[in-house]
Amino acid sequence: SLCALAGVVSSESEPLPKLETSTISLLSLPRTTINSWLKWRASNIESEITKERRNSWRARSNFCRIIQWPMNACPSKNFLMETGGPLTLSRWRASRGLVATEGRPSATGSPRAGFHFGLGLDAARGSPRASGGHRLRGSGACSCDESSVRLDAFLRNRKRVVLAVAIVAGLVYANAVPNRFAYDDHHIIANNSAIQSIETLPSAIFAPYWPGVYGRENGLWRPTTQALFGVQWIVSRGAPWLFHLVNVLAHVAVTSLVLLLLWELMSMRAAFFGALVFAIHPVHVEAVANLVGLSELVSTGLFLMACLVHVRGPPESRWRDAVLIGLLYAVAFGAKEGAATLPAIIFLLDASRGRLTFADLLRYLRERWRVYAALIIGAALMLIPRLGILGTIANPLGPLGADLLLEVPRIWTISEVWGNYVRLWVLPLDLSSDYAPGVIPISIGWKLANSVGAALALALLAAALIAWRRAPM
């Protein structure tokens, strides 16, 4: 079971208000209940610390805080949460210089153990010290320097961090705004008269994504994207700069959502640098600089919003959250078909945070059935019209120029695509505007390239499983 947060003591002589836990039978409560209580308590502590810092630490440039946990509630290990952000169970050992303190009597007289963190350099002398005179165990306990302390202080202001990440994401792709239509933009937008007037836009929304006689054969129906293209065309009168501006702003919004979601799952520092990598990664050029990439941006943004609503909700889903997630799912599905994976991602989020086992599945379904019911309804709202418009739910035909996939097993080519995914994540040197069979050839049989791709996919899954099992609760 998760441990309960007993209180926070500042480095000043006067402690912050504490919440006594002697009247709570912690070990008898379900883990999800304790986790929900911890999140509620963390939000209160954050406001208390902000107020205390303003009043007592205004003249100080460096400071440290001590978080303490009741040893009787967690006899095997101490758990750490970050006071400046959302509740997490990860510890910043090396990067934050965390060192466990010796058991020290608290204000109530019970022995506790905690962690020092945020230790910096004395502003006057430049020497390491512990704020408030608390003694560290061992020598060289803290390797934090002044820049690290400043970074941590910056990361505690959520609005400022979100604004910084958003500005970086916007600046990186700002040069795409003067661009014009290119490649599929001409077929989907510039030459598609059905979306260019208010009178014909409703019928275009309920038509195949690709215009012309091959629309049904291509097997795509994206009403959300079609509606957005039509509105932009009518407002801008066909000026491509507005389409590009919307794409850049959508990338800014998606990057901000990535930051907020990572904040719920890991430390503030890790979330910040993860969002920065997402903001500037070259692999997003195709989605941001290419106008038809709006389908990916909108689908991803709504997908992340649904995940954020879910992880911020209580352990037992409420109808309000479930309905909102279902609506986001349906609209994201209408932007691009990749959003169909949302139910699986929600399950993986719950499994990774709650340590689900087969024995917990019945309890999990009792708590989350509302969310999955809303997701089923949202999927039905998109699949039933799709069947009527396209004549099929999943198009059996291969992509354009890849008809050979109808005759050979697709796993040969998909495995090679997996290898290209990893290459584009890690070393995106050779980008392409269109990953057609001329760029990624269709594989016939197992060869070196697709064998390496399959091995990389299995290795990533194994690494994720090992990290999940080793991560602290």
Side-chain angles (χ1 to χ4, degrees), residues 179-236 238-240 242-244 246-247 250 285-303 330-341 379 381-407 410 413-414 417 432-440 442:
N179 292 346
R180 298 186 177 275
F181 299 109
Y183 290 99
D184 293 345
D185 300 342
H186 292 287
H187 302 286
I188 304 298
I189 303 172
N191 300 331
N192 187 4
S193 59
I195 67 169
Q196 297 174 1
S197 67
I198 298 178
E199 293 77 13
T200 59
L201 181 59
S203 60
I205 292 175
F206 292 95
Y209 178 68
W210 277 88
V213 295
Y214 296 105
R216 287 171 61 93
E217 294 183 8
N218 288 325
L220 297 177
W221 178 57
R222 298 172 181 174
T224 304
T225 305
Q226 290 285 77
L228 291 174
F229 285 153
V231 171
Q232 292 178 74
W233 183 278
I234 294 170
V235 171
S236 67
L242 180 61
F243 290 83
H244 285 289
V246 169
N247 274 29
V285 170
E286 184 179 356
V288 181
N290 200 17
L291 295 183
V292 294
L294 181 66
S295 61
E296 298 182 23
L297 294 167
V298 173
S299 178
T300 303
L302 297 172
F303 192 102
V331 181
F333 202 148
K336 194 168 184 179
E337 296 79 5
T341 59
L381 290 176
M382 297 306 301
L383 292 177
I384 293 175
R386 180 186 180 91
L387 179 62
I389 294 171
L390 301 177
T392 180
I393 292 178
N395 182 26
L397 298 179
L400 186 64
D403 296 334
L404 184 59
L405 290 175
L406 297 175
E407 304 176 13
R410 295 194 179 195
T413 304
I414 291 174
V417 171
S432 175
S433 59
D434 186 8
Y435 292 94
V439 178
I440 303 178
I442 298 175

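From a predicted model like this one, the values you see are computed outputs, not experimental measurements.
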**OP:** Could you tell me whether a side-chain N or O of R216 sits under 3.5 Å from a main-chain N or O of I389, the two making a donor and an acceptor?
**Re:** yes

Original post:
Any side-chain heavy atom of Q226 sitting closer than 4.5 Å to one from L201?
Top reply: no

Original post:
When you measure from the side chain of R386 to the backbone N and O of G219, does any donor-acceptor pair fall under 3.5 Å?
Top reply: yes

Subject >> Sub-4.5 Å side-chain heavy-atom contact between H187 and V292 >> reply: no

**OP:** Quick one: closest heavy-atom pair of T225 and A335, and the distance?
**Re:** OG1-O, 2.8 Å

Subject >> Partners meeting side-chain contact (heavy atoms from CB on, under 4.5 Å) with S193 (sequence neighbours left out) >> reply: Q196

Subject >> Sequence neighbours excluded - ring pair (Phe, Tyr, Trp, His ring centres under 6.0 Å) pairs with any residue from residues 215-234 >> reply: none

Original post:
Hey, does P240 have a side-chain heavy atom less than 4.5 Å from the side chain of D185?
Top reply: no

Original post:
Counting N and O atoms only, with roles assigned by atom type, does the side chain of T224 sit under 3.5 Å from a partner on the main chain of V331, one being a donor and the other an acceptor?
Top reply: yes

Subject >> Least distance between heavy atoms, G293 atom then N247 atom >> reply: C-ND2, 4.4 Å

Subject >> R222 side chain near S299 side chain, heavy-atom distance below 4.5 Å >> reply: no

**OP:** With sequence neighbours excluded, tell me which residues meet side-chain contact (heavy atoms from CB on, under 4.5 Å) with A239.
**Re:** S236, W241

**OP:** Step by step, work out the side-chain hydrogen bond (donor to acceptor under 3.5 Å, both in side chains) result for S197 and T200.
**Re:** CA-CA 6 Å; S197 67; T200 59; 2.7 Å; yes

